[in-house]
Amino acid sequence: MQQLLNTALVGLTLGMVYAAFALALVLVWRSTRVVNFAQAPMAMVTTFVALVVIEDGASWWVGLAAALLSGLVLGAVLERAVVRPVQGGAEINAVILTLGLFIVLHALAAVVFGNRYRSFPAPFGIRGLEIGDRTIALTATGVFTILAVLVTMALLVALFRLTDLGLRMRASAFNQEVARLLGVRVGRMLTLGWALASLVGSLAGVLIASGSLVHPGFMDSVVVYGFVAAVLGGLDSPVGAVVGGLVLGLSLSFVSGYVGSQLVALAALLILVLVLLVRPGGLFSTTTARRV
Amino acid sequence: MRTLTRAWPDSTLARHLLLAVLGLVAVLLVLQGVSDFRRFQLAEMAYLGIAAGGLTVLTGLNGQVSLGHGALMAVGAYTAALLLPDRDASVPLPLVLLAAAAVALAVGAIVGVAAARLHGPYLAGATLALAVAVPGIALYFKDTLGGEQGLRVVLPEPPTWVLDAAYFVTGQDLTTSGYVALVGWLVLIVTYVLLANLSRSRVGRRWRAVRDDEVAAQLAGIDLGRARVSAFVVSAAAAGVAGAVLALSVRLAAPSSFTLTLSLTLLAAVVLGGLGSLTGALLGAALLTFLPQVATGLGTDAGLSDIQAAELAPLVYGLVMVGVVLVAPAGLAGSLRLLAVRRRTRGALSTTSKGTAR
């Protein structure tokens, strides 16, 4: 019973982070029809920025702010400089491009920040909370992680549903031509979409790193899990990404707890293949005619 | 008779075989003249070239991106390692290579069936998951697959007739690394002849048709799924053989050899050389093999530490990959060919327009 509860709690925390990461992928996919495989190294780089700031004597919160800000800038710059030119070209070119960015950011981080494991501080305790006389697997940092992702999602929903800017972003994601005719500066909206996605990814990066170790490759598996979560949700639906992230986090946590942590990635692969074979559009897709 | 009267044969098969023989002679000459370290590097180039050749067929001719070729190489390497546990192993080398190809082919068929329904980013994501998942299997089945340390591979003694023949041709005794490099390049040449013929055949035309226009291909009676799966399977078999040659060359099959980076750099090699060209794949493999040393040397000269300098080579691959997509989507070999074609058509156009002008 104890193990079941703890596995579920760990899964919930992980699932929230995967959800945030999947959300970042979905934001990019919706606005530019590109799966950003470089999302993980981008988040890794901004996490390193936070680490440098924190090791310089600033508090964890200043580090988080630095990561989010650098994420915003990095996303905008990459969209303008590199992704824009391949827009509308062959699908395979965009895939290869983001994979190239993956390698570049990886190598750059290793050159600039070094290739060793470094510990990243946590904002709150990393010991399990005590309820009655039992210690459960949920840590204070874990609670903060869940809350932070929930708040971010609420803010994004508010942005897209309640503001004029959000409406313009949705319009450009829905149909670029029509949006342009209606006077929306589509280019700016796409850049903003990438910047926002990169910001959410940076948040996920810092949350994963907190109380753990950072290394140029520490986000590599997360891009796989984030992608699987996003595909579970249909790649188009932000709600689907969140649900997909939670489902994936829980299932992977159970695989890790009851079968073996080495097989987690294999389990993710199996889930992905099953979903794609049974419902190619994902569990939450609304478009029925899309061919995968 | 015509093939005899002209130096360059007309038949595709004959042309490829002639090239293969010329290549083999060149390989023998090069292997004889270089140091043992270079032979080791040439063996590395051979297995990267084989895997890149397979990936070229998949990505260039069929338009599918696979990031799982590192994982498929792992399958081949582990198969070879399980068949060659000690010196007394009686499994002959050609059989080991065939077995590696067969097992990778089987895995490729399973993945390929799933992949046939995917395209673009979905396929890339699924094979990315494969690349991350496979090393975990070796860690989980510690007892049979050796866990983190991996499995040692014992190179079988070269047959005496090979040693004799090598001595007869080159006048030197064949060293172990020379033997491995020779095996690697032989396999590379055989694989490339097979791949080149396949891509010129009806099968290859189908692959290209599916890549260029799915709907048109379907209207022409091509089974999309079958074409995709067959391309994936062929490419997986090549990756499996490449993995076996890798295992022979480094005498080890360990999870650390088959990281995500390997899969990504293979894709980089294919993109660098030009999608769809086997010559390009070989060029890319040569870059992957020889660039790291040069880049690391330049890095340490510039005052970087060894670890930092070692990252310069991947940095260059990544930058070139991004640059190629932005500037020359057809790759190095492809762009040159495109340039030649454009010049030729322009020439042809100008003569015809002169002819029809009043």
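Chain letters run A, B, ... following the sequence lines, proteins first, then strands; residues in each count from 1.
Using a 4.5 Å cut-off on side-chain heavy atoms (C-beta onward), A:Asp220 and B:Val132 make no contact. Annotation: side chain of A:Leu266 is not in contact with side chain of B:Tyr140 (no heavy-atom distance under 4.5 Å).
Pairing each heavy atom of B:Val325 with each of A:Asn93, the nearest pair is CG1-O, 3.6 Å. Of all non-hydrogen atoms in A:Phe37 and B:Gly125, the two that sit nearest each other are CZ-N, 3.7 Å. Across every non-hydrogen atom of B:Pro314 and A:Ile103, the tightest pair is O-CG2, 3.2 Å.
The candidate with the highest count of non-hydrogen atom pairs below 4.5 Å against chain A, out of B:Val134, B:Leu139, B:Val111, B:Leu267, is B:Leu139. In terms of heavy-atom pairs under 4.5 Å with chain A, the best-connected choice from B:Thr59, B:Val320, B:Val322 is B:Val322. Among B:Gly136, B:Gly63, B:Pro135, the residue with the largest count of heavy-atom pairs under 4.5 Å with chain A is B:Gly136. Residue with the most contacts toward chain B among A:Leu272, A:Leu99, A:Val273: A:Leu99 (heavy-atom pairs, distance under 4.5 Å).
Proximity to chain A (any heavy atom under 4.5 Å) is restricted, for B:Leu67, to the side chain, taken from C-beta onward. Of the atoms belonging to B:Leu260, it is side-chain heavy atoms, and not backbone ones, that fall under 4.5 Å from chain A. Contacts between B:Thr259 and chain A at a heavy-atom distance below 4.5 Å are absent for every atom of the residue. Contacts between A:Val95 and chain B at a heavy-atom distance below 4.5 Å involve the side chain alone, from C-beta outward. Heavy atoms closer than 4.5 Å to chain B are found nowhere in A:Tyr225, neither backbone nor side chain. Neither the backbone nor the side chain of A:Val34 has a heavy atom closer than 4.5 Å to any heavy atom of chain B. Of the atoms belonging to A:Ala110, heavy atoms from both backbone and side chain fall under 4.5 Å from chain B. Contacts between B:Ile137 and chain A at a heavy-atom distance below 4.5 Å involve backbone atoms as well as side-chain atoms.
Residues passing the ring-ring contact (aromatic ring centres under 6.0 Å, His included) test with B:Phe258, sequence neighbours excluded: none. For A:Ser256, there are no side-chain hydrogen bond (donor to acceptor under 3.5 Å, both in side chains) partners two or more places apart in sequence or in a different chain.
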- Query: Could you walk me through whether B:Tyr122 and A:Val35 pass the side chain to side chain contact (heavy atoms under 4.5 Å, CB included) check?
  - Reply: CA-CA 9 Å; B:Tyr122 286 91; A:Val35 172; over 6 Å; no
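Checked options A:Val224, A:Leu269, A:Val228; the residue passing with B:Leu128 is A:Val224 (criterion: side chain to side chain contact (heavy atoms under 4.5 Å, CB included)).
To the nearest 0.5 Å, atom CE of residue B:Met321 and atom CD1 of residue A:Ile96 are 6.0 Å apart.
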